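These numbers were taken from a predicted model, which means no experiment stands behind them. Atoms within each ligand, like the ligands themselves, are counted from 1 in listed order.
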Amino acid sequence: MKTVPIPRLDSNRILNELRTERFARSLLIVDRCTSTNDIAVKFAHDGAPEGFTVISEEQTEGRGRYGRLWFSPKGGIWLTVILRPPVTFELLNGLPLVGALAVARTISSNLGLQALVRWPNDVVVDRRKLAGVLVETKFSGNVLEFALLGLGVNANFHASLMQGISERSASLLDHLGSPVDREAFICSLLQETERLYDLVVLGGVADVLRFVKQTECSRGRRIMVKVENGAFAGVLDDYESLTRIRISTSDGSYKSVDTGSVIAVDYLDG
Ligand code: BTN
């Protein structure tokens, strides 16, 4: 399969075209790092403001949820935004879903693909994972110091490079047949993420939940949820909030599951 040339990201273009208030107004782009969250955590400790953004051309130790590695070659979009949200756990535990919603909406509106959110934090096209979200937090006692919103999008490389998971994964390049304009995509993604995040912070959770329900593909599917003290299977019936889903189990009862308590999720129907 033909690889495509990957021009380095043009930070001036991003800064000129970006229409955000805070997100990426301070922007650092590096060629390579372990994880953009590792760089962001240092800046956050040094007092970087909300919206400070780190982008890397590639990551050598990209992290996924549940301690998994996240394959992050050149050509992808790997970025972390520092957030300092007012602590409500509704917001904090709902951030991965909000991030996934922002990615899915950006892909659908900019590139014409039907991208969907797969609870709790994946973005899929034709059931194959194309993007993911990792949120890491730092508390001092009960006080949240900052949250790191890490977004990863398989953009301009072929998913066939992803050893062991290529049949479950996809990239924008695979779907479109030609590379995406990463600068333009990053600008739209940051704008959409800031818009949805602000909506949640300003009390618009109900609106965001409505967007999630319009954009998700998990309701009606059989899942296995692992929590700290066990695991159970059932059909994802509905979203009760940004941080809670309802599962119908085989004995006919319903069970609410908090995203914050989930250790892993498996989709049993593939
Ligand atoms: C997942 O689906 O498991 C989450 C993947 C999150 C990947 C992004 S890429 C940018 C940021 N840096 C990381 O190391 N991980 C996140």
Taking all non-hydrogen atoms of both residues into account, name the closest pair between Leu91 and Pro85 and its distance. CD2-CB, 3.5 Å
Of all the atoms in ligand 1, which lie at a distance below 4.0 Å from a heavy atom belonging to Ser35? 12 (N), 13 (C), 14 (O)
Arg105 with Glu192: basic N within carboxylate O range, under 4.0 Å: yes
Salt bridge flag under 4.0 Å for residues Arg63 and Asp38: yes
For atom 1 (C) of ligand 1, tell me which residue out of Lys129, Glu136, Arg68 has the closest non-hydrogen atom. Lys129
Within a distance under 4.0 Å of any heavy atom of Leu79, pick out the atoms of ligand 1 and give their elements. 10 (C)
Looking at Arg219 and Asp238, is there a salt bridge between them, counting it only when a charged N and a carboxylate O are closer than 4.0 Å? yes
So that I can tick it off, tell me whether Arg128 and Asp174 are bridged by a salt bridge, with the cut-off set at under 4.0 angstrom between side-chain N and carboxylate O. no
For ligand 1, find out whether one of its N or O atoms is nearer than 3.5 Å to an N or O atom of Glu61. no
So, is Arg65 polar-close to ligand 1, with some N/O to N/O distance under 3.5 Å? yes
Ring of Phe146, cation from Arg84 - is the NZ or CZ under 6.0 Å from the centre and inside 45° of the axis? no
Nearest-neighbour protein heavy atom for atom 9 (S) of ligand 1, which is reported as residue plus atom name and distance: Gln59 NE2, 3.4 Å
Contacting atoms of ligand 1, where contact means under 4.0 angstrom from a heavy atom of Gly64: 1 (C), 3 (O), 4 (C), 5 (C)
Under 4.0 Å from a heavy atom of Arg63: which atoms of ligand 1 are those, numbered in the order shown and with their elements? 5 (C), 6 (C), 7 (C), 13 (C), 14 (O), 15 (N), 16 (C)
Kindly confirm or rule out an N or O of Thr80 lying under 3.5 angstrom from an N or O of ligand 1. no
Exactly one of Arg13, Glu194, Gln191 should register a side-chain contact (heavy atoms from CB on, under 4.5 Å) with Leu18. Which one does? Gln191
Is it the case that ligand 1 has an N or O less than 3.5 angstrom from some N or O of Trp70? no
Taking every non-hydrogen atom, the tightest pair across Gly75 and Phe157: C-CD2, 4.1 Å
What atoms in ligand 1 come closer than 4.0 Å to a heavy atom of Thr36? 10 (C), 11 (C), 12 (N)
Between Ser253 and Asp251, do the side chains contain a donor N or O and an acceptor N or O under 3.5 Å apart? yes
NZ/NE/NH1/NH2 to OD/OE distance under 4.0 Å, Asp269 and Arg222: no
So if I count the atoms of ligand 1 from 1 in the order they appear, which ones are less than 4.0 Å from some heavy atom of Asn37? 11 (C), 12 (N)
At a 4.0 Å threshold, what atoms of ligand 1 neighbour a non-hydrogen atom of Gly152? 8 (C), 9 (S)
Applying a 4.0 Å heavy-atom criterion (strictly less than), which segment of Asp38 is in contact with ligand 1: side chain, backbone, both, or neither? neither
Element-labelled atoms of ligand 1 that are located less than 4.0 Å from some non-hydrogen atom of Gly62: 14 (O)
